[in-house]
Structures are given as C-alpha cells and as structure tokens.
Amino acid sequence: MSSQNLTFNSSEKLKSRKLIQSLFESGQSLKKYPILIRFQKIETELNSVGVSVSKRNFKSAVDRIRIKRQLREAYRLNKHKIYNRTDSRFAIMIIFIGRKHLPSETIHEQVAHLLQNIE
RNA sequence: GCUGCAGGUCGCCUUAUCGCUGUCCCGGAUUCGGGAGAGAGGAAAGUCCGGACACCAUAGCACAACAUAGCGGGUAACGCCCGUCAUUCUAUUUAGUUUUUCUAAAUAGGAGCGGACCAGUGCAACAGAAAGCAAGUACAGUUCGGCUGUAGUGAAAUCGGUAAACUCUAUGUGGUGAAAUGUUAUGUAAACCAAGGCUUGAGGGUUGUGCGCCCAAUCUUGGAGGGUAAACAGAUUGAGGUUUUUGGAAACAAAAAUCCUAGAUAAAUGAUAAGGCGUUUGAUGAAUUUCAAACGACAGAAUCCGGCUUACAGACCUGCUUUUUAU
C-alpha cells in the first residue's frame with residue numbers, strides 16, 4: 001500500500017485545480033522557516049500533496065526544480081508521521097519561502113516538524 | 001615542452017539502498033503485484049530569423065509599412081552556410097625614396113549595414129563671391145546675351161561626392177500558435193453553437209487608410225454548456241542518427257548497410273551512503289610524494305525541425321604561432 005511505504009507516486013499528488021484554489025482560500029497554514037504549508041481535511045483514502053517554489057525568489061529553473069525535489073523527498077520520507085498518527089486525510093501544499101538553497105537535511109527536519117503538527 | 005590564436009570533440013564516473021515517469025512481459029483481469037529494459041542539453045536558454053503543421057474573410061484587394069541587397073552555389077526555406085570578386089584593416093617581403101614617413105606590388109590572415117546619386121528632394125568642415133540657382137572679383141574675347149575663356153579657392157565649380165539621407169529599383173512578408181486543432185462519453189432550461197428564412201443596415205469590429213468582409217434582432221430546425229482545465233489523438237520515425245562508397249574546391253547531395261535514442265502535463269529523469277576522478281587551498285616533502293578540507297562550469301525537454309545569438313569550471317584532439325633545448 002502506498003500509504004505505508006516510502007512512496008510518492010501520482011495517485012498521491014495534488015492535481016485538482018479546484019482543490020488548490022479552495023486550499024488557498026480557506027485552508028489552514030503552518031509556518032516554520034523556510035517552509036510554509038497550507039492544508040485542509042479531505043474525504044479520500046490518500047493525502048493529496050503538492051509542492052511549490054516562487055519564481056520571484058528563484059529565477060533559474062534549475063534552482064526551482066532542485067528545491068521541489070527536496071520538498072517531495074522530504075514528504076516521502078516523513079509522511080508516516082501523518083498516516084500513523086491519525087486517520088484523517090489532508091490536501092497539503094508545501095511552499096518554500098526562503099531565498100537561498102539549504103541542505104536537504106535541514107529541509108527534511110522542518111517538513112517533518114510541520115507534518116507532525118497537522119491536525 | 002612552453003606562449004597565444006583558430007577550429008573541433010567531450011563536459012564527472014562506479015556500486016549499494018530507497019524512490020519518480022513511460023514501454024514490454026508474466027500473474028491478476030477495474031484498482032493491483034512481480035520482472036526486464038529506457039529516461040534532459042550543447043546550448044534543452046534568449047525567443048532573434050527561416051520552415052513543417054493547424055485554425056481563422058477580423059484571412060481578400062489597393063496604397064502604406066517592414067525586411068533583405070556584389071556574383072555564383074547549397075538548402076524545404078532563411079536575414080543561415082560554402083566559394084569567389086571588389087573594398088578595407090593587420091602582418092611580412094620586395095621595389096622606389098638619403099633616412100623616418102610615404103607610395104606601389106606580392107603573399108598570409110581577418111572584417112563587414114557591398115543594388116541605384118543617367119528620376120526627384122536634401123546635405124557637405126576649412127578655404128572660397130558662390131558647393132546650386134542666386135550672386136559675383138580681375139583680365140581677355142564677343143554674334144554685345146552675365147554669352148565664352150583664363151586666373152583665383154578647393155578633393156570637387158555643371159564635372160562631381162553622399163542612399164549606416166529621404167527616395168527609387170528588385171525580391172519577399174496576412175494573422176494567431178499545440179492552452180493550435182480534431183475525436184469520444186454523459187446530456188434539465190431562457191444564456192452557447194450550426195444551418196435556413198425574413199427585415200433593418202444605425203452602431204461596432206479589423207493593422208495605419210480606403211474598398212471589401214464580419215457582427216445584430218426575430219422565427220424555425222438540429223446540436224449542446226456545468227460536473228470535468230475529462231480521456232484519447234495531435235505527440236515523438238524525423239528535411240532522423242551512425243558507418244562506408246561515389247560526386248563536388250567546399251557548403252552539400254546520392255546510394256548501400258545498420259540503429260530506434262525522453263515524452264512529462266501542479267509537469268518524471270531524483271535522494272542518501274561509500275569509493276574513485278578533477279580543480280583549488282593548507283600542511284608535508286627528495287619527488288603531485290603523502291595527508292586533510294572545500295568545491296564539481298553554464299544550465300532543466302514541454303508540438304517538431306534548420307539556423308543565429310548569448311552563458312560555460314575543466315579535459316582532450318588538429319592546424320598555425322612565440323620562445324627554449326637537443327640533433
């Protein structure tokens with residue numbers, strides 16, 4: 001089951017435009033620099049997760065892609081913190097609000113901390 | 001060996017574990033599980049030219065506007081590429097000159113906004129009366145007309161220069177851009193679309209202008225929107241790559257053999273660990289010897305091709321060149 005293993009494939013990705021819109025309009029948010037997450041309870045089997053990096057802070061496409069990969073990896077390795085703790089499922093958008101590159105270790109720590117506090 | 005220039009090739013590697021996106025095979029037969037194999041670039045970038053493809057009379061016609069500009073060739077096409085002539089720059093050699101300078105010729109390497117001033121309009125430092133259509137110095141001639149010649153200024157005085165001046169000539173250019181466009185499924189109404197009929201053509205739309213064209217209201221018939229930015233096609237086999245042969249001075253073309261090499265869509269191609277490779281720094285030392293640390297250029301496909309431009313640590317190859325050593 002993809003909810004238990006260390007996977008993050010397309011069935012768990014946030015793709016619906018409507019859901020993203022409602023997430024930004026009425027979702028809750030948690031912040032721990034340099035990460036901001038917005039989340040909302042949804043009635044599905046799996047979480048629905050997206051990542052985002054502002055073009056304003058990182059002009060180069062290479063930089064943005066690198067950070068998005070770090071964020072996805074951080075979710076993949078830490079998603080058990082949600083699945084093991086609660087039966088609720090969430091739509092989550094992980095947003096990078098920093099202005100420079102950070103080591104993956106730091107990003108993973110911050111994302112793990114935020115996922116721990118979602119409810 | 002070293003210095004510099006030009007052109008070309010490459011542009012981190014290996015293993016393990018955990019993942020991501022397609023493809024194929026097996027089991028299941030909707031979801032799913034297992035296995036095999038594939039998965040960013042020379043610029044994928046800028047979006048500056050040229051095409052393929054698709055749709056749209058808001059697409060047509062005329063003027064305007066814009067682009068290109070020796071000659072020959074290549075190409076699907078080009079503003080690109082190859083060759084060549086003239087021009088111009090640099091270097092060397094030779095000749096002329098007492099020498100520097102300068103001039104001429106030859107050789108080598110580069111550069112580029114290279115059509116036309118026998119249509120019209122404009123512009124021109126200094127000198128000069130005057131750089132074009134007005135004025136005018138001296139002398140001489142004279143058909144007595146500022147008509148002709150000489151002198152004088154200047155590169156140039158009705159002889160010309162200038163089109164990186166307007167302009168003219170030749171050739172070319174419609175717009176939009178894969179979120180194009182097509183197909184399929186479900187299917188309430190007055191909103192949307194298509195076809196047809198009737199009336200009015202006011203007002204509006206288009207690229208600057210004119211013509212043309214389109215849009216409106218009402219009736220009839222048929223189909224539809226949302227859910228759903230859905231799914232599939234377009235979409236990756238192509239002006240394709242590699243090798244050989246032939247033709248050609250080259251760009252390039254032809255033939256044969258062989259290969260299939262990303263296809264995502266809130267957008268895959270990654271993360272971690274260990275080792276190696278390279279660069280830099282520090283220590284060590286007879287020795288890039290040994291050790292340690294840091295770093296790994298520019299940059300991420302998005303319909304697809306051909307170019308151009310710009311960015312780029314480092315490595316290698318070829319040619320020319322500077323200097324040194326040996327023979």
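So you know, we letter chains A, B, ... as the sequences are listed, proteins then strands, and number each from 1.
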Expressed in whole Å, how much space separates the [atom1] atoms belonging to [N] and [M]?
| N | M | atom1 | value |
| --- | --- | --- | --- |
| B:C82 | B:A253 | P | 15 Å |
| B:U90 | B:C78 | P | 37 Å |
| B:G37 | B:C56 | P | 49 Å |
| B:A69 | B:A164 | C1' | 14 Å |
| B:A52 | B:U236 | C1' | 14 Å |
| B:G212 | B:G161 | P | 50 Å |
| B:G115 | B:U169 | C1' | 8 Å |
| B:A233 | B:U265 | C1' | 16 Å |

Paired with [N] by Watson-Crick or G-U wobble geometry, both distances under 3.5 Å: which nucleotide is it?
| N | result |
| --- | --- |
| B:C78 | none |
| B:C126 | none |
| B:U14 | B:A274 |
| B:A194 | B:U221 |
| B:U100 | none |
| B:C308 | B:G46 |
| B:A262 | none |
| B:G22 | none |

Torsion-based syn/anti label for [N], 90° from 0 as limit:
| N | result |
| --- | --- |
| B:U261 | syn |
| B:U143 | anti |
| B:A315 | anti |
| B:G132 | syn |
| B:G174 | anti |

Inter-residue atom distance [X].[atom1] - [Y].[atom2], 0.5 Å rounding:
| X | Y | atom1 | atom2 | answer |
| --- | --- | --- | --- | --- |
| A:Q116 | A:K81 | CD | NZ | 6.0 Å |
| A:N57 | A:D63 | CG | CG | 11.0 Å |
| A:L114 | A:I37 | CG | CD1 | 4.5 Å |

Subject >> Residue list, side chain to side chain donor-acceptor pair (under 3.5 Å) with A:K68, at least two apart or on another chain >> reply: none
Non-neighbouring partners of [X] that pass side chain to side chain contact (heavy atoms under 4.5 Å, CB included), sequence neighbours left out:
| X | result |
| --- | --- |
| A:A61 | A:R64 |
| A:Q28 | A:F39 |
| A:I67 | A:V53, A:F58, A:Q70, A:L71, A:F96, A:H101 |
| A:Q40 | A:L19, A:S22, A:L23, A:S26 |

Subject >> A:D63 CG to B:A299 P, straight-line distance once rounded to whole Å >> reply: 9 Å
**OP:** Write down the distance between OH (A:Y75) and P (B:C20), rounded to a whole number of angstrom.
**Re:** 12 Å
Original post:
How would nucleotides 268-274 of chain B be written as a contact map, 5' to 3', with B for base contact, S for sugar-phosphate-only contact and - for no contact, using protein heavy atoms under 4.0 Å?
Top reply: SSBSS--
Original post:
Mind checking whether A:R66 and A:V62 have side chains closer than 4.5 Å, heavy atoms only?
Top reply: no
Original post:
Starting at the 5' end of RNA chain B and moving along, which residue's nearest nucleotide shows up first, A:V51 or A:S60?
Top reply: A:V51
